[in-house]
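For reference, the structure discussed in these notes is given below.
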Amino acid sequence: MTDTPLLHYTLRLADTALILGHRLSEWVGHSPVIEEDLAFGNMGLDLIGQARSLYSYAGEIEGKGRDEDALAYLRDAGDYRNILLVEQPNGDFATTMVRQLLYAAFAHPYFETLTHSSDATLAAVAAKAAKEMAYHLRHSAEWTIRLGDGTDESHARAQAAVDELWPYTGEMFECDEIERALVEAGVAVDPATLRARWDKTISEVLSEATLSRPDNGYMQSGGRVGRHSEHLGHILSELQFLQRAYPGATW
Amino acid sequence: MYTQALNSQDSAAHTAKEDPQAEARFQARIDAEEKIEPNDWMPAAYRRTLTRQIAQHAHSEIVGMLPEGNWITRAPSLKRKAALLAKVQDEGGHGAYLYAAAETLGTSREEMEDQLLSGAAKYSSIFNYPTLSWADIGIIGWLVDGAAIMNQIPLCRCSYGPYARAMVRVCKEESFHQRQGYEIMLALCKGTPAQKAMAQEALDRWWWPVLMMFGPPDKDSQHTESAMRWKIKRFTNDELRQKFIDATIPQGHFLGLTFPDPALKFNDTTGHWDYGDIDWVEFKQVVAGNGPCNRQRMAQRRAAHEAGGWVREAANAYARKRQQRAAMSIAAE
Ligand SMILES: [Fe+2]
Ligand SMILES: [Fe+2]
């Protein structure tokens, strides 16, 4: 694919939002309490809403007539650019909440910073997303603390989730040459500048949760350039089923 | 409907001894269309009947999340995906809201949930049917939410205040769901031949089960009299069913769909649609637990409840620790 950096970048943001929104939507109807069904619904809707705005913009940038659905439903896994963290399976409630915490602690300051983008559309999407991610961060941090400092079982599950997901956190802070040019143009955010804030948020939450913070060992990477885990193909086979089975239909 | 509970006999209703004067005052208030509030005196049978009805309604909302939730991950466009996710979330909200209304009558949500999971409490028969195609999501919005509205609009005037107020809020959202469902059907019926066939096939499967939502025919419905007198119910099952059919048939014809009932015919004399015989054997079997998905739905609810046990325990343990720490820090001052 010969995408422009802006298209590539916008799709990274859109795909990450969609895949995480899709994952959260899997919980609705199956949560430990009704209130969490509602919360997963809220967070899923926020993320799918972010994805829709970003896909529409990506379609405009591309200028080939692809709309949000063509981009979401008719690209295969190799063309998806979401980070690996968000495609990881929901696992138990602790895994989902810790995944949400690790992402939201990054996405909240990220979108806050992106509101200053020289790209007006991205800045507008970011303004809404920043407010939404503040809620995701608060909600997932509260639950991580409850689980970590709850019972022996919840503590063990929460710690296992942190350990399991930690190797996927490094990818959030990567900045390749595609993004570097956009950072220099004032369009994109340099994620490295958010590292200290993320570290602080995560350390505070984990410490209040009585959970230990893993060492930064070898980090998994590749989602942003289309090299995914096995999980994404299964997500897409569900997500894209109807569009693939009935090509060209309008729903 | 979501409140098929009213059709089962409350054996205790006839044996309880109530203060006749209090009961007469109570009935006079109801006759004057006054609302009964949680702390007001009420006959034990009224409390029991309402608790059962509201709990059943709440259970229906919660179990009803499952058949539609089955398509959230497969919705055919991002707009439909967001709308369906929001709808299923609304139903969860209705459940929570209704449990809270039922709790005002003195039964805790945990007790009601246990009754659902043990199989002691019922939920609407309709949610024991499978959602096999995307068109089923359209059908559920159009017909299942549509039937729910037909039943719930009169409940907005129910004599019990908290339930009536809950219904006002719920009805607004249900009519939004119904419009969305109809819009899904419209898109399918204007779509490719395969989509139109999908819509017709779904209507063929759902039509009769939807008519069963209103409960048994009046001649076999035992429980209507006291519910009517207490203004919990204002129309009989058959009256509501007929209203629903009369409203729905033109909508279906507008879509270009055929209802799977050869006896369906507009009656010029009565001004209503005549319809064929409903298979009450099937209805009884579904209510008794033998529908296509009864076991699956209950297994899903139980699995969610059991898998969430450690989460609820953790939340309680954490809340206790916080209280203790707060108490200790006050004591240390
Ligand atoms: Fe509802
Ligand atoms: Fe509804």
Side-chain angles (χ1 to χ4, degrees), chain A residues 18 21-42 44-45 48-49 51-52 55-56 67-69 71-73 92-94 97 143 145-155 157-158 209 235 237-243 245-246 248-251, chain B residues 58 61-82 84-93 95-96 99 109 113 133-134 184 187-188 190-192 194-195 198 300-301 303-305 307-322:
Chain A
L18 177 62
H22 183 95
R23 276 293 190 222
L24 295 184
S25 78
E26 292 172 2
W27 270 103
V28 176
H30 307 278
S31 302
V33 284
I34 304 171
E35 286 68 18
E36 291 313 300
D37 281 321
L38 306 185
F40 283 131
N42 276 330
L45 283 166
I48 292 167
R52 292 183 66 190
Y55 282 132
S56 298
D67 62 7
E68 57 177 39
D69 290 329
L71 289 166
Y73 287 84
D92 62 9
F93 185 77
M97 273 304 165
W143 267 111
I145 292 164
R146 257 181 227 127
L147 297 179
D149 194 17
T151 62
D152 289 347
E153 180 178 6
S154 68
H155 178 88
R157 286 176 182 265
I235 293 176
S237 68
E238 260 189 85
L239 190 143
Q240 300 181 337
F241 156 66
L242 281 167
Q243 291 272 355
Y246 300 88
T250 304
W251 303 89
Chain B
E61 302 282 359
I62 298 301
V63 177
M65 296 170 84
L66 297 170
E68 289 185 282
N70 183 38
W71 280 89
I72 291 174
T73 57
R74 290 179 290 170
S77 71
L78 293 181
K79 183 181 142 205
R80 297 285 184 218
K81 191 183 192 69
L84 179 58
L85 179 52
K87 180 194 193 275
V88 176
Q89 189 199 28
D90 282 349
E91 308 300 4
Y99 280 130
R109 180 159 126 186
E113 283 172 344
S133 81
W134 172 251
I184 290 174
L188 292 174
K190 285 194 306 197
T192 64
Q195 285 176 299
M198 192 188 277
Q300 286 170 310
R301 283 313 309 157
H305 187 78
W310 68 270
V311 177
R312 294 187 299 274
E313 278 167 33
N316 290 337
Y318 179 72
R320 275 196 306 275
K321 283 187 198 178
R322 273 186 71 115

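FYI, side chains are in, hydrogens and waters are out, and symmetry mates aren't considered; it's all heavy atoms of this structure. Predicted, not measured: the structure shown is a model, and the values here were computed from it. In what follows, chains carry the letters A, B, and so on, assigned in the order in which the sequence lines appear, proteins first and then strands, with residues in each chain numbered from 1.
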Practice task
Examine whether an atom of A/Asp152 lies under 4.5 Å from a heavy atom of chain B, and if so say whether it belongs to the side chain, the backbone or both; otherwise answer neither.
Solution key: neither

Problem - Interface moiety of B/Arg312 toward chain A, non-hydrogen atoms closer than 4.5 Å - result: side chain

Problem - Residues in ring pair (Phe, Tyr, Trp, His ring centres under 6.0 Å) contact with A/Tyr55, at least two apart in sequence or another chain - result: none

Problem - pair A/Arg157-A/Phe93: side-chain heavy atoms closer than 4.5 Å - result: no

Exercise for the section: Please look at A/Ser31 and chain B and tell me whether the side chain, the backbone, both or neither of the residue comes under 4.5 angstrom of a heavy atom of that chain. Expected result: backbone

Completion exercise
When the 4.5 angstrom heavy-atom criterion is applied to A/Ile34 and chain B, the contacting part is both

Exercise for the section: Let me know if A/Ile145 has heavy atoms under 4.5 Å from chain B in its side chain, its backbone, both or neither. Expected result: both

Problem - Per-residue contact mode, B/Ala315 against chain A (heavy atom under 4.5 angstrom) - result: both

Problem - Residue part contacting chain A, namely of B/Ile62, when any heavy atom lies under 4.5 Å - result: side chain

Fill in the blank from the handout: Distance col, row A/Phe40:CZ vs A/His30:NE2, nearest 0.5 angstrom, shows 12.0 Å

Exercise for the section: Counting only heavy atoms closer than 4.5 Å, note whether B/Lys190 contacts chain A via side chain, backbone, both or neither. Expected result: neither

Practice task
Give, as side chain, backbone, both or neither, the part of B/Arg109 having an atom under 4.5 angstrom from any heavy atom of chain A.
Solution key: side chain

Problem - Leading residue by heavy atom contact count with chain B [cutoff under 4.5 Å; candidates A/Arg23, A/Gln240, A/Glu238, A/His155] - result: A/Glu238

Problem - Segment of B/Glu91 engaging chain A (4.5 angstrom heavy-atom cut-off) - result: neither

Problem - B/Lys321 atom NZ, over 12 foreign heavy atoms within 6.0 Å - result: yes

Completion exercise
Applying a strict 4.5 Å limit to non-hydrogen atoms, the region of B/Leu188 in contact with chain A is side chain

Handout entry: chain B contact via A/Ala158 - which portion, at a heavy-atom distance below 4.5 Å
Key = neither

